[in-house]
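The block underneath contains the structure these notes are about, expressed in structure tokens.
If you're wondering where the values come from, they're calculated on a predicted model, not measured in any experiment. Numbers here are sequence positions counted from 1.
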Amino acid sequence: MATTTAPSTYFDFRQALTKKKLAGMLRMMTGYRTAYAAANLALAVSALSKTLTYLLLRNFADTVVGNTEPFAGTLARTLILIALGFVGLSLFEGGFAYISSRLASYSAESITRRLRNFLFDHIQRLTFAYHSKTPTGDLIERVTSDVDSVRNFFNDQAIGVGRIVLLFIINFIAIWSLSWKLALASVAVIPVIIGVSVWFFKRVTKAYEKYQEQEAKLSTTLQENLTGVRVVKAFARQGYEMDKFEKDNWEKYKRGRKLLTMHSLFWPLSDLLCGFQMLAGFIYAGVLAINGEITIGTYPAYVGLVVWLIWPMRNLGRIIVNTSTGLVSYERLMEIVKQEREPLTTGAVQTNGPVRGEISFDKVSFQYSDGNADVLKDISFRVQPGQSVALLGSTGSGKTTLVNLLPRFHEYTDGHILLDGEELNQYPREYLRKQIGIVEQEPFLFSRSIRDNITYGVGRDVPQEEIEKAARAAAIHDVVLSFPDGYNTLVGEKGVTLSGGQKQRVAVARTLLKNPRILILDDSTSSVDTETEAEIRSALNGLMENRTTFIIAHRIQSVMNADLILVMDKGEIVQMGKHKELVAQDGMYRKIYEIQTRIDEELETEIASV
């Protein structure tokens, strides 16, 4: 079967990073410069054909009306040849104009296609710190709107500049051949047009930058609202969200109005200058014709040529002004491109086979790059292969941050973490993440089938038996079979087809199928009821054998069987030990245990009395 996807032509757009924007745009054309040059060459042939048409018109007028002798011997034969010349030149003009447009469009679409591919791949490889501080709406705006502006630059503006320059050179030479006086008189206003265009260009550039910034902000507001639409409806905050959106939308309107006002001022001014230039040229050419300095046929030829000399220069002003949008978008895209990627494969440790799972924290501290205080402080503990470690503490105590150090989502700033006796930061990130399975506190499911979500990240074809085994272990198999399409059931956006508990269990099944050596359960039973939690725990007890497991939970019942329990508060370990040891101690763990036990007893009493 023939493939429907064109082969990928990879280009590292980091090579296009430069302070000179036009030079950077030229580097982006790597691999398509020949096609783009051919587009300009075809454009030159088309422009030359247009010019020759007016020169042929001159010969026609001088032959019919003037006193010029027919070049073909007889008038009839000359007129036939002139007519064929008009037809041939029109075909050349149209044909090569089509070739030029086709090649320019091919180049522009190909460049932007690989730019989108690069950005998509590049953004996925950026650090967690970058994604945590960059709004999703801003990234979407840059990858869509700004990439489209770059496409317009190559498809319209850059080729337009080449077209205008070629038309100017060819037509100026042609007019010079008719009369050097007319040639000089016809370009008097061009320096003024270029000066006005440059003046507008500088101001439009700044206005467009502000407009794009506001559009990105509006996209972020819209994206957040659509993502949290359930929360908005649950709290009846539609009016508040509408006011917030209208505020951002009004600011975008004002900036857009300012940008369009600049454009609306430029066009009448440039049209006025060009109109006066052509009118003056027509009058001057008429005077020369009356005085006999040029032939009768030269006058209509000049009228046609000067139009294609002046109006392209007027469009040059338009293109110069519009080019600012492409250059601004280039700069905004390069702000993403210049971000350092997260190195996935670099590491001094030679990785042969799976890890054993022995982990040691020795006075580990961590601080975010943009923070001033340690989020984790002096963390020390040791875990043997196959043991389970539970982390208990209030929200914000540092539990999730601690386990995020293991797959190197963040780099610890002090102390040592050893994995099988080797420094953790010496392991390649890609290798570590293949060895570690994570069930997030808020699981994310893709808009695909349940089967695709369970097998995501395994990297091989998985038999149905394995999928069902993992689903049974996560207590989701029976639920899946209750759907009409079973494992082929499509999950809605972000998993909205499933309940919170069902999403959790699909995420657990996905992690179990990966068969990791280290398992991280980040409050993975928070969205399920007590009965379902017991089912999942029962299944996990067998599957956690020979796996080093980190369990983050708020319920004592979820952590009491762990080999080691860490009680955390404000980024520090305040208690450490097993359940029996910690219950016997006077501290946070016993307080939590007593509160939860009392709540469970009161709940049982209420249920029994019903």
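- What you find for Glu340 and Leu126 is that their closest heavy atoms are O-CD2, 3.6 Å.
- The closest donor-acceptor contact from the side chain of Arg151 to the backbone of Val147 lies at 3.5 Å or more, if one exists at all.
- Counting heavy atoms of neighbouring residues, nucleotides and ligands inside a 6.0 Å radius, atom CG of Asp12 exceeds 12 of them.
- By the 4.5 Å heavy-atom criterion applied to side chains, Lys247 and Lys244 are not counted as neighbours.
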Checking side-chain contact (heavy atoms from CB on, under 4.5 Å) for the pair Phe361/Ile359: CA distance, chi angles, key distance, verdict? CA-CA 7 Å; Phe361 279 64; Ile359 299 173; 3.7 Å; yes
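- For the 3.5 Å distance criterion, the side chains of Ser329 and Asp146 qualify, holding a donor opposite an acceptor.
- For the pair Leu406 and Phe550, the minimum side-chain heavy-atom distance is below 4.5 Å.
- The only option from Arg125, Arg408, Arg433 that meets the salt bridge (Lys or Arg N to Asp or Glu O under 4.0 Å) definition with Glu342 turns out to be Arg433.
- Considering all non-hydrogen atoms of both residues, Leu103 and Ala38 come closest at CD1-CB, 3.6 Å.
- Side-chain N or O atoms of Ser100 include none that pairs as donor or acceptor with a backbone N or O of Ala97 at under 3.5 Å.
- Pairing each heavy atom of Pro407 with each of Ile520, the nearest pair is CD-CD1, 4.5 Å.
- No donor-acceptor pair closer than 3.5 Å links the side chain of Asp420 to the backbone N or O of Val355.
- Screening Glu213, Glu215, Glu246, Glu141 for a salt bridge (Lys or Arg N to Asp or Glu O under 4.0 Å) involving Lys252 leaves a single residue, Glu215.
- Counting heavy atoms of neighbouring residues, nucleotides and ligands inside a 6.0 Å radius, atom CZ of Phe245 exceeds 12 of them.
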Determine whether His131 and Leu139 satisfy the following criterion, side-chain contact (heavy atoms from CB on, under 4.5 Å), listing intermediate values before the conclusion. CA-CA 10 Å; His131 283 288; Leu139 288 176; 4.2 Å; yes
Arg332 vs Asp138, side-chain contact (heavy atoms from CB on, under 4.5 Å): CA-CA, chis, key distance, verdict: CA-CA 10 Å; Arg332 283 167 53 83; Asp138 181 64; 4.2 Å; yes
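- Under the 4.5 Å side-chain criterion, counting only non-hydrogen atoms from C-beta, Ile436 is not in contact with Lys514.
- A donor-acceptor pair shorter than 3.5 Å can be found between the side chains of Tyr208 and Ser149.
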For Thr112 and Asp148, what are the C-alpha separation, side-chain angles and deciding distance, and is it a side-chain contact (heavy atoms from CB on, under 4.5 Å)? CA-CA 8 Å; Thr112 51; Asp148 198 53; over 6 Å; no
Taking it one step at a time, do Tyr106 and Tyr32 satisfy ring-ring contact (aromatic ring centres under 6.0 Å, His included)? CA-CA 9 Å; Tyr106 162 76; Tyr32 295 97; 5.8 Å; yes
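- Rounding to the nearest 0.5 Å gives a distance of 4.5 Å between CZ of Arg451 and CG of Asn488.
- A salt bridge does not link Glu209 to Arg255: none of the charged nitrogens lies less than 4.0 Å from a carboxylate oxygen.
- Using a 4.5 Å cut-off on side-chain heavy atoms (C-beta onward), Leu333 and Leu115 make contact.
- Under a cut-off of 6.0 angstrom, the local environment of CZ in Arg163 is sparse, with at most 12 non-hydrogen atoms contributed by other residues, nucleotides or ligands.
- Checking Asn425, Asp362, Val364 one by one against Ile417, the side chain to side chain contact (heavy atoms under 4.5 Å, CB included) holds for a single residue, Val364.
- Electrostatic pairing of Asp374 and Lys377 does not count as a salt bridge here, judged by no charged N lying under 4.0 Å from a carboxylate O.
- Separation of atoms CE (Met25) and CG (Leu327) is listed at 5.0 Å; rounding is to 0.5 Å.
- At distances below 3.5 Å, at least one donor-acceptor pair connects side-chain atoms of Lys399 with backbone N or O atoms of Gly393.
- Contact check for Thr346 versus Tyr427: no side-chain heavy atoms found under the 4.5 Å cut-off.
- Salt bridge present: Glu251 and Lys254 bring a charged side-chain N and a carboxylate O closer than 4.0 Å.
- Taking the six-membered ring for Trp and thresholds of 30 and 60 degrees, Phe13 and Phe11 have ring planes more than 60 degrees apart, a perpendicular arrangement.
- Arg27 approaches Leu17 most closely through the heavy-atom pair NH1-O, 3.2 Å.
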Under the side-chain hydrogen bond (donor to acceptor under 3.5 Å, both in side chains) criterion, do Asp522 and Thr400 qualify, and how do the steps go? CA-CA 7 Å; Asp522 188 355; Thr400 300; 3.2 Å; yes
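- Listed for the Ser397 side chain is no donor-acceptor partner under 3.5 Å among the backbone atoms of Gly571.
- We find that Asp121 and Arg114 are not joined by a salt bridge, their nearest charged nitrogen and carboxylate oxygen being 4.0 Å or further apart.
- You'll find the side chain of Gln212 reaches within 4.5 Å of the side chain of Ser145, heavy atoms only.
- The structure places CE of Met29 at 11.0 Å from OG of Ser110, a figure rounded to the nearest 0.5 Å.
- Atom CD in Gln435 sits 4.0 Å away from atom OH in Tyr431 (nearest 0.5 Å).
- Looking at every heavy atom in both residues, Pro516 comes nearest to Thr511 through CD-O, 3.4 Å.
- Residue Ile336 comes nearest to Arg142 through the heavy atom pair CD1-CD, 3.6 Å, listed as atom of the first residue, atom of the second, then distance.
- The number of heavy atoms from other shown groups lying within 6.0 Å of CZ (Arg33) is above 12.
- Using a 4.5 Å cut-off on side-chain heavy atoms (C-beta onward), Leu309 and Phe168 make contact.
- Using a 4.5 Å heavy-atom cutoff, the side chains of Thr549 and Arg547 are in contact.
- Between Tyr36 and Phe154, the ring-plane angle classifies as perpendicular under the 30° and 60° cut-offs.
- In this structure, Thr548 contributes its side chain and Gly357 its backbone to a donor-acceptor pair below 3.5 Å.
- Aromatic ring pairs are classed by plane angle as parallel below 30°, tilted from 30° to 60° and perpendicular above 60°; the pair Phe366 and His410 is tilted.
- The line from CG of Leu269 to SG of Cys274 is 9.5 Å long, rounded to the nearest 0.5 Å.
- A distance of 10.0 Å separates CG of Leu48 from CG of Leu166, quoted to the nearest 0.5 Å.
- For Lys21, the NZ atom counts as densely surrounded, since its 6.0 Å shell holds more than 12 non-hydrogen atoms of other residues, nucleotides or ligands.
- Residue-environment remark: CZ (Phe128) exceeds the threshold of 12 foreign heavy atoms within 6.0 Å.
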